[in-house]
Amino acid sequence: MSKTWTVNANGINHTIEYKKNRMIVDGEKYKLKSANPFIQMIDYSVNFGDVECRLVVIGNKADLAVNGRYLGSGAPYEPIGNIPAWVSVLAAVSVIFGFLMNSWLGLCIGLLLGVLYFNLYLKKKKAATVVIVFVIATILQLLLGVGVLLLYNNF
């Protein structure tokens, strides 16, 4: 994924480009590190005099906030914050449980569910939503595992 923005600060145009874990500001490269090991989360600040720019990357979506407003969506800038450890634990449980119940298919489903937990938390920032989805997903994984086992034993 590559995105490029042009920002005018005090009559001078500055180019900011984002390419996978790298930000290029007027030709100068900066290596970026995600704040979370499971999902790409970057919030990096660059100032041009009195113009403040913040590159925000969540997952595979990147946007640039200039003086408190995102250029892509027009929404006000909001710091992304950290994802609590319990969301990572729920994601890991879904992956492991999925693998134990349904082998490689379950592992893939567990990975997708883990990404869903992260996205839900980032959008809603409410624990109840993530926990409810986790419980429903765990029940569905269990039913899928039992269903596959019954189907396998009948043949």
Side-chain angles (χ1 to χ4, degrees), residues 1-5 7 16-25 29-47 51-155:
M1 170 186 56
S2 178
K3 285 200 148 195
T4 304
W5 301 271
V7 177
I16 298 175
E17 185 176 1
Y18 172 73
K19 289 182 180 180
K20 190 176 179 179
N21 296 335
R22 207 171 280 158
M23 182 170 78
I24 304 167
V25 179
K29 296 178 183 179
Y30 299 91
K31 188 166 174 78
L32 305 174
K33 186 177 179 189
S34 177
N36 188 290
F38 298 104
I39 187 169
Q40 184 82 312
M41 287 181 48
I42 297 170
D43 189 345
Y44 192 82
S45 178
V46 175
N47 294 322
V51 177
E52 180 186 20
C53 300
R54 296 200 71 95
L55 174 67
V56 177
V57 181
I58 300 174
N60 61 357
K61 295 180 182 177
D63 204 350
L64 185 71
V66 178
N67 290 333
R69 283 256 176 234
Y70 286 108
L71 295 179
S73 66
Y77 165 75
E78 190 175 311
I80 56 175
N82 291 328
I83 294 179
W86 61 265
V87 177
S88 299
V89 169
L90 293 181
V93 167
S94 284
V95 170
I96 294 166
F97 185 70
F99 180 73
L100 293 175
M101 288 302 296
N102 302 299
S103 188
W104 295 106
L105 173 64
L107 181 120
C108 293
I109 292 171
L111 286 171
L112 291 174
L113 289 171
V115 171
L116 176 66
Y117 304 151
F118 287 116
N119 286 334
L120 279 174
Y121 184 81
L122 288 171
K123 287 180 184 172
K124 308 248 184 213
K125 294 199 187 320
K126 293 185 180 175
T129 306
V130 178
V131 171
I132 290 169
V133 170
F134 170 76
V135 170
I136 292 169
T138 302
I139 292 169
L140 292 175
Q141 280 184 314
L142 180 63
L143 291 174
L144 178 65
V146 169
V148 168
L149 184 63
L150 291 174
L151 187 68
Y152 180 74
N153 284 338
N154 285 336
F155 288 107

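The chain is numbered in sequence order, starting from 1.
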- [ ] Taking all non-hydrogen atoms of both residues into account, name the closest pair between Lys29 and Ile24 and its distance.
- [x] CG-CG1, 3.9 Å
Open item on the list: If I take atom CE from residue Met101 and atom CD1 from residue Ile109, how far apart are they, to the nearest 0.5 angstrom?
Closed with: 11.5 Å
Task: CG on Leu113 to CZ on Phe118, rounded to 0.5 Å - done: 12.0 Å
Open item on the list: By the definition side-chain contact (heavy atoms from CB on, under 4.5 Å), identify the one residue from Val57, Ile16, Ile42 that meets it with Met23.
Closed with: Ile16
TODO: Provide the closest heavy-atom pair for Ala62 versus Tyr18 in the form atom of the first, atom of the second, distance.
DONE: CB-CD2, 3.9 Å
- [ ] Would you mind reporting whether Asp43 and Arg54 have side-chain heavy atoms less than 4.5 Å apart?
- [x] yes
Distance-only criterion, 3.5 Å: show the donor-acceptor pairs between side-chain atoms of residues 83-91 and protein atoms not counting sequence neighbours.
none

- [ ] Output yes when a side-chain donor or acceptor of Arg69 lies under 3.5 Å from a complementary backbone atom of Gly74, and no otherwise.
- [x] yes
- [ ] Check whether any side-chain heavy atom of Leu32 sits under 4.5 Å from a side-chain heavy atom of Leu55, and report yes or no.
- [x] yes
For residues 127-146, run the donor-acceptor check on the side chains, cut-off 3.5 Å, and write out each pair with its distance to 0.1 Å, sequence neighbours left out.
| from | atom 1 | to | atom 2 | distance (Å) |
| --- | --- | --- | --- | --- |
| Thr138 | OG1 | Phe134 | O | 2.8 |
| Gln141 | NE2 | Ser94 | O | 3.2 |

Open item on the list: Parallel, tilted or perpendicular: which one describes the rings of Trp104 and Phe99, with boundaries at 30° and 60°?
Closed with: perpendicular
TODO: Look up atom CZ in Phe97 and atom CG in Asn102, then write down how far apart they are to the nearest 0.5 Å.
DONE: 8.0 Å
Task: Donor-acceptor pair, side chain of Asp63 and main chain of Tyr70, under 3.5 angstrom - done: no
Task: Interatomic distance, Glu52 atom CD to Asn47 atom CG [nearest 0.5 angstrom] - done: 5.5 Å
Open item on the list: Please check: side-chain N/O of Ser34 versus main-chain N/O of Met41, any donor-acceptor pairing under 3.5 Å?
Closed with: yes
Task: Distance in Å, Trp5 CH2 paired with Leu71 CG, rounded so as to fall on 0.5 Å steps - done: 8.0 Å
TODO: Hey, could you give me the CG/CG distance between Leu107 and Leu111, rounded to the nearest 0.5 Å?
DONE: 5.0 Å
Task: Closest non-hydrogen atom pair between Asn67 and Val51, with its separation - done: OD1-CA, 3.5 Å
Task: Exercise: identify the closest heavy-atom pair between Val66 and Cys53 - done: CG2-SG, 4.1 Å
